[in-house]
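Every value quoted in this text rests on a predicted model; they were computed, and no experiment measured them.
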Amino acid sequence: HKSTEDSYRGIPVIGHISMLEDLLSTNAYDEIAITLSIDEFSKLESIVTICEKAGVHTKFIPDYNNIIPTRPYTEDLDGLPVIHVRNIPLSNSFNRFCKRAIDIVGALLLIILFSIPMAVVAAIIKITSPGPLIFKQERVGLHNKPNKQERVGLHNKPFKMFKFRSMEVQDASKEKQAWTVQNDPRVTPIGKFIRKTSLDELPQFFNVLKGDMSLVGPRPERPFFVEKFKEEIPRYMIKHQVRPGITGWAQVNGYRGDTSIRMRIDCDLYYIENWTLGLDIKILFLTIFKGFVNKNAY
């Protein structure tokens, strides 16, 4: 390693690269681990040659931690070794199929199970507050592949997310850029209850059937805040590589409503990189036992 210090990340450093041949000739090493920063890759070939001439088993440890903030993985691409910056299990078509199948079956069962509560909530909203039963709000969902006429790249796919209306009818342009705060005068009396108990989220089961959302995934955000957060929070846009969810790892860990957006993103990234069907089932059970009543929902 190029460092002249005594240790590198807690591992003793025995010398500089220029000393490698002398060190190999005077010591009986079993293995050599090479770690180089990106700007030193040009030295790698000569270092490997020196090590192999000495008959020492050689390993390469890429020093990418300041550039790539996660654990990458390798894959064979037509005989070429490829390093993926981020492991996303749901990029696998079979995993996506399994998750989508569970979403469809689960959403249908939940619509049947909650049909009576949804009917009761709808009736109370209609009686107590003028306006539509369902509030449709634009959210940003899964990255969408462009059409042939569009430029190459991934696009954010907007969709209308359904909720039972919990506020007085208001100007759409003002609503797009405003968080709901504690004791918000816009929230109706029944709205306070259904927001606290998450009953306002029940119509999103129909978003799941449409394919806009999943039962479990990162919560979708409004376009105004997506544009804001993607400039302010590193890795924010990675959450859009999977379908947004009704509930997620952030929500069952208490990061809902008026809580740290950075902590929510950390939870979302953990979910994206560690997804399994078992994790989805765990999140759904945690949502049942502690995720419905939300002290941060205003």
Side-chain angles (χ1 to χ4, degrees), residues 125 129 131-147 150-151 153-188 191-192 194-196 198-208 210-251 253-272 294-298:
I125 292 173
S129 175
L133 291 173
I134 300 298
F135 173 59
K136 299 177 183 179
Q137 188 179 63
E138 186 174 61
R139 298 288 176 114
V140 178
L142 184 68
H143 274 313
N144 191 34
K145 291 182 179 180
N147 298 322
E150 297 178 311
R151 65 179 178 83
L154 291 173
H155 293 217
N156 296 327
K157 180 184 178 183
F159 69 97
K160 295 291 185 181
M161 188 178 78
F162 305 142
K163 284 188 174 188
F164 280 124
R165 184 174 57 83
S166 59
M167 290 184 171
E168 302 290 349
V169 177
Q170 56 187 309
D171 185 82
S173 62
K174 293 180 179 179
E175 179 275 326
K176 287 179 181 179
Q177 302 180 17
W179 291 105
T180 308
V181 297
Q182 192 169 13
N183 300 318
D184 197 312
R186 300 171 298 169
V187 179
T188 63
K192 291 180 181 179
I194 64 175
R195 291 172 77 94
K196 280 287 185 183
S198 299
L199 292 173
D200 62 325
E201 312 280 1
L202 295 180
Q204 287 162 39
F205 294 143
F206 293 98
N207 283 120
V208 174
K210 287 180 62 182
D212 294 328
M213 297 178 68
S214 175
L215 292 175
V216 180
R219 286 294 291 171
E221 193 48 83
R222 286 168 280 181
F224 173 82
F225 290 108
V226 170
E227 293 301 315
K228 175 181 170 63
F229 293 147
K230 77 177 184 180
E231 300 297 334
E232 298 176 356
I233 302 175
R235 304 183 290 161
Y236 177 81
M237 294 304 291
I238 294 167
K239 65 179 284 185
H240 295 286
Q241 295 186 26
V242 300
R243 271 193 182 90
I246 296 177
T247 185
W249 188 239
Q251 286 65 48
N253 280 283
Y255 298 109
R256 291 186 61 187
D258 188 16
T259 55
S260 169
I261 184 65
R262 291 181 182 271
M263 292 302 296
R264 274 186 268 172
I265 294 303
D266 286 344
C267 287
D268 289 341
L269 293 179
Y270 174 85
Y271 171 80
I272 290 168
N294 178 21
K295 64 180 181 180
N296 296 310
Y298 306 132

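Listed here is the closest heavy atom pair of L202 and F164: CB-CE1, 4.3 Å. The two residues S129 and E168 come nearest to each other via the heavy atoms OG-OE1, 3.7 Å. Nearest heavy atom pair, residue V208 against residue I246, reads CG2-CD1, 3.7 Å. Closest of all the heavy-atom pairs between V187 and R195 is CG1-CD, 4.0 Å. Here the closest non-hydrogen pair linking R139 and P220 is NH1-O, 2.7 Å. M237 and V226 make their closest contact through SD-CG1, 3.8 Å (heavy atoms, listed as atom of the first residue, atom of the second, distance).
Here the CE-CG distance, from M213 to L215, works out to 9.0 Å after rounding to the nearest 0.5 Å. The line from OG of S166 to CD of E201 is 9.0 Å long, rounded to the nearest 0.5 Å. Of the inter-residue distances, the one linking I134 atom CD1 with F206 atom CZ reads 8.5 Å to the nearest 0.5 angstrom. For the atom pair CG (L199) and CD1 (I194), the distance works out to 7.0 Å, reported to the nearest 0.5 Å. Put simply, CZ on F162 and NZ on K210 are 4.0 Å apart, with the number rounded to the nearest 0.5 Å.
A donor-acceptor pair is defined here as one N or O able to donate and one able to accept, closer than 3.5 Å; such a pair exists between the side chain of Q251 and the backbone of G248. Between the side chain of T188 and the backbone N or O of G191, at least one donor-acceptor pair lies under 3.5 Å. The backbone N or O of R219 sits less than 3.5 Å from a side-chain atom of K239, completing a donor-acceptor pair. Looking only at distances, a side-chain donor or acceptor of R243 sits under 3.5 Å from a matching main-chain atom of G211.
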Exercise. Could you check I261 against Y255 for side-chain contact (heavy atoms from CB on, under 4.5 Å), going step by step and ending with a plain yes or no?
Key: CA-CA 8 Å; I261 184 65; Y255 298 109; over 6 Å; no
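Counting only heavy atoms from C-beta outward, the side chains of D266 and R235 approach each other to under 4.5 Å. For the pair D212/M161, no side-chain contact is recorded, criterion being any heavy-atom separation below 4.5 Å from C-beta on. Using a 4.5 Å cut-off on side-chain heavy atoms (C-beta onward), R222 and E138 make no contact. With a 4.5 Å cut-off on side-chain heavy atoms, K230 and H240 do not count as touching. By the 4.5 Å heavy-atom criterion applied to side chains, V216 and Y271 are counted as neighbours.
Applying the ring pair (Phe, Tyr, Trp, His ring centres under 6.0 Å) criterion to Y270, with sequence neighbours excluded, gives W249. E232 pairs by the side chain to side chain donor-acceptor pair (under 3.5 Å) definition with K228, not counting sequence neighbours.
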